[in-house]
Amino acid sequence: MRFRQVHLDFHTSEAIPGIGQAFSKSQFQSMLRSGHVDSVTVFSKCHHGWAYHPSDANEIHPGLSFDLLGEMIEAAHEIGVNTPVYLSAGLDEKLARRHPEWLIRDAEDRTRWVKDFMTPGYHEFCLNTPYLDILLAQIHEAVSRYEADGIFLDIVGVRKCRCQYCVAALRAAGREPRDEAAVIALGEQTYLNYARRVRETIDAVKPGLPVYHNNGHQQRGRRDLVQVNSHLELESLPTGGWGYDHFPLSARYAQTLGMEFLGMTGKFHTSWGEFGGYKHPNALRFEAALSLAHGAQCSIGDQLHPSGWMDEATYALIGAAYSEVEAKEEWCSGVTSVADIAVLSLEAAREACPGGQARRGERNLADAGAVRILTEGHYLYDIVDTFSDFTAYKVLVLPDEVPVWPELADAIGSFTAGGGKVLATGRSGLNPAGDAFALNLGISWLGANPYRPSYFKPHFTPGALLPASYVMYGEGQLVELLEGQSLGHLENPYFNRDVFTFCSHQHTPGAQEDNGPGMVESSSGIYIAWDVFSEYADAGHLILKEMVLHALSRLLPLPSLRTTLPARGITTLQYQQAEQRYVHHLLYAAPALKGRIEVIEDIVPLRDISVSLRLPSSDPVHRVYLAPSMTELPFTVSSGGGITYTIPYLENHQMAVIELV
């Protein structure tokens, strides 16, 4: 794996002539050097279905008269740049019009991506059809004829399909094509069979060649689907609809899997397929640094003009980010995450819960809300699934709707018996039937609150706010205190808003009566009776964050890290075992919403950020310095073994390196 990759899209219509006519080896190399690129993904086959090289397994683009792929690989290798090779696996528009019977179909016989053939766009293939053999032959040809440094296969994953091949397969197996579960099971079987045959095809020629199957999202909790890849490429273009919260959520899970991974953003103002769109250099600087801070390498998406001429403005833009990455790589390789808190992903919990697969794909803001609150609170955290070792952490967060079945209850029981603490919110902790708590949280469940919204009256001062009755828009739970203490109570409104009973513009005020505990601390942890994480992701009401931060201050009184970094700042701690050192990352930028696009332009420098660290290692600290500048940082050691230091200046990204004796 390399740190500075460009994903060079080249989806080019057959209606465009003169493909690659302006390609120049020297100009191609010059742009890669200008961009400080060490790996470039080049195209064997695009979404339109054409090959960009002479082919027996496919057809060369009708506007291309030479081996563009071969010349790109030769040019890149000559200057030490790797060349993973791209093939569009799920899309092949040329072939889609010749064999529409091989396309994915829904129950109404509509196609996927675009629903018909009178709408401009692509149509996705079913890999349970003869198309798979054609695709495998194309992969074999690319691997056999070219010095590929890896294979990138796009638009693949578990799909629901009711094409005639899938219907026939289901019926032959005695399954019902109208049964959604049977269709999903066949989709998983189809995908895993495809991945196995791809691996066999490649290994027959070049055993162990890296392969990545891109589905745009790594499903948390499905390690079997993740592990068909040799590494991960986390597609997360902030301006393309993902937003700036998406990558930390994906990365904090990916790093726990022990696989190499990279963060894929784009140079575009919006997203893939945009010609003439450029984001501010500061945005790419921040996005590349965000990958490094989360233990990832970097990939930036570009799109080659049909002429084959590399865009100078693009590689100046990429170079602004990658020149900084190049200087930092020494402190970013071979790292593992240091974290106090594990967030059990709601997505992963639904996947693992017996019968929970029926909720796969349902709306889930809880995971994103947990990431946002913990990031703003500057806690060190990982996103985990049910295969993870909870005992490696001090606090386990169950966000909003995590069901607890017997095996999970046992794992959490072992965690708390060893001194770990749980933070559960909303319906989390209830059994899969949703009618009783499966965990000992010091409470019993009485039912969902029929009043909505309701109010929370804290028995503590919530951060910058004062004690008051705070509106809770989401569903609340009614609980009875069995042991422990209430940290705040629930208040109901006079009545729900109705045609005959309504008050004011939005909702009815609270009746200012104590209607039972709304936040409870017991020996095993803290329970909050509302879906605070989902609500925070949706609307960002400050009280929701303050409730969680107060809970964590009690559950984790001595966190590994404290800092005066502003709330929008990001901080992580990585450990380089080979070098026996910790690397503390700090980032700061403030994305602004411009229309529908979240953008970064200005990066405001910060000064004199104080940091306190309690390292898991008992080895004494030898030195602290900034990298890559190598500026020594004075530090003090506390009586408890922690260290404190001050970051004198932060512009976008700073790394403090803590070397042990």
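Please read these numbers as outputs of a predicted model, since none were measured by experiment.
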(request) State whether a side-chain donor-acceptor pair under 3.5 Å links Thr12 with His48. (result) no
(request) Give a yes or no on whether the backbone of Leu237 and the side-chain of Thr265 come within a donor-acceptor separation of less than 3.5 Å. (result) no
(message) Would you say NZ of Lys160 has more than 12 non-hydrogen atoms from neighbouring residues, nucleotides or ligands within 6.0 angstrom?
(response) no
(message) Less than 3.5 Å apart, any donor N or O on the side chain of Glu233 or His231 sitting next to an acceptor on the other?
(response) yes
(message) Distance alone, cut at 3.5 Å: any donor-acceptor contact between the side chains of Ser345 and Arg220?
(response) yes
(request) Answer yes if the side chains of Glu101 and Tyr165 hold a donor-acceptor pair under 3.5 Å, and no otherwise. (result) no
(message) Less than 3.5 Å apart, any donor N or O on the side chain of Ser337 or Asp382 sitting next to an acceptor on the other?
(response) yes
(request) May I ask you to decide if the ring planes of Phe125 and Tyr131 are parallel, tilted or perpendicular, using 30° and 60° as cut-offs? (result) parallel
(request) Could I get the full list of ring pair (Phe, Tyr, Trp, His ring centres under 6.0 Å) partners for Phe152, not counting sequence neighbours? (result) His7, Tyr86, Tyr212
(request) Keeping the roles fixed (side chain from Glu347, backbone from Asn364), state whether a donor-acceptor pair exists under 3.5 Å. (result) no
(request) Give a yes-or-no answer on whether the side chains of Ser388 and Asp385 include a donor-acceptor pair shorter than 3.5 Å. (result) yes
(request) Check the side chains of Tyr315 and Asp302 for a donor-acceptor pair under 3.5 angstrom, ignoring hydrogens and angles. (result) yes
(message) So that I know where these two stand, are Phe117 and His123 an aromatic pair - ring centroids less than 6.0 Å apart?
(response) yes
(message) So does Gly63 get a backbone contact from the side chain of His61, meaning a donor-acceptor N/O pair under 3.5 Å?
(response) yes
(request) Taking atom types as modelled, find out whether Gln218 and Ser250 have a side-chain donor-acceptor pair closer than 3.5 angstrom. (result) no
(message) Does either side chain, that of Asp311 or that of Thr314, offer a donor lying less than 3.5 Å from an acceptor on the other one?
(response) yes
(message) For the CZ atom on Arg178, are there more than 12 heavy atoms of other groups (residues, nucleotides or ligands in this structure) within a distance under 6.0 Å?
(response) no
(request) For Trp272 and Glu235, test the side chains for any donor-to-acceptor distance below 3.5 angstrom and give the result as yes or no. (result) yes
(request) Please work out whether the ring planes of Trp102 and His99 are parallel, tilted or perpendicular, with thresholds of 30° and 60°. (result) parallel
(message) Main chain of Thr190, side chain of Asn193: is a donor-acceptor contact present, judged purely on distance under 3.5 Å?
(response) no
(message) We want to know whether Tyr191 and His213 form a side-chain donor-acceptor pair, criterion being a heavy-atom distance below 3.5 angstrom.
(response) no
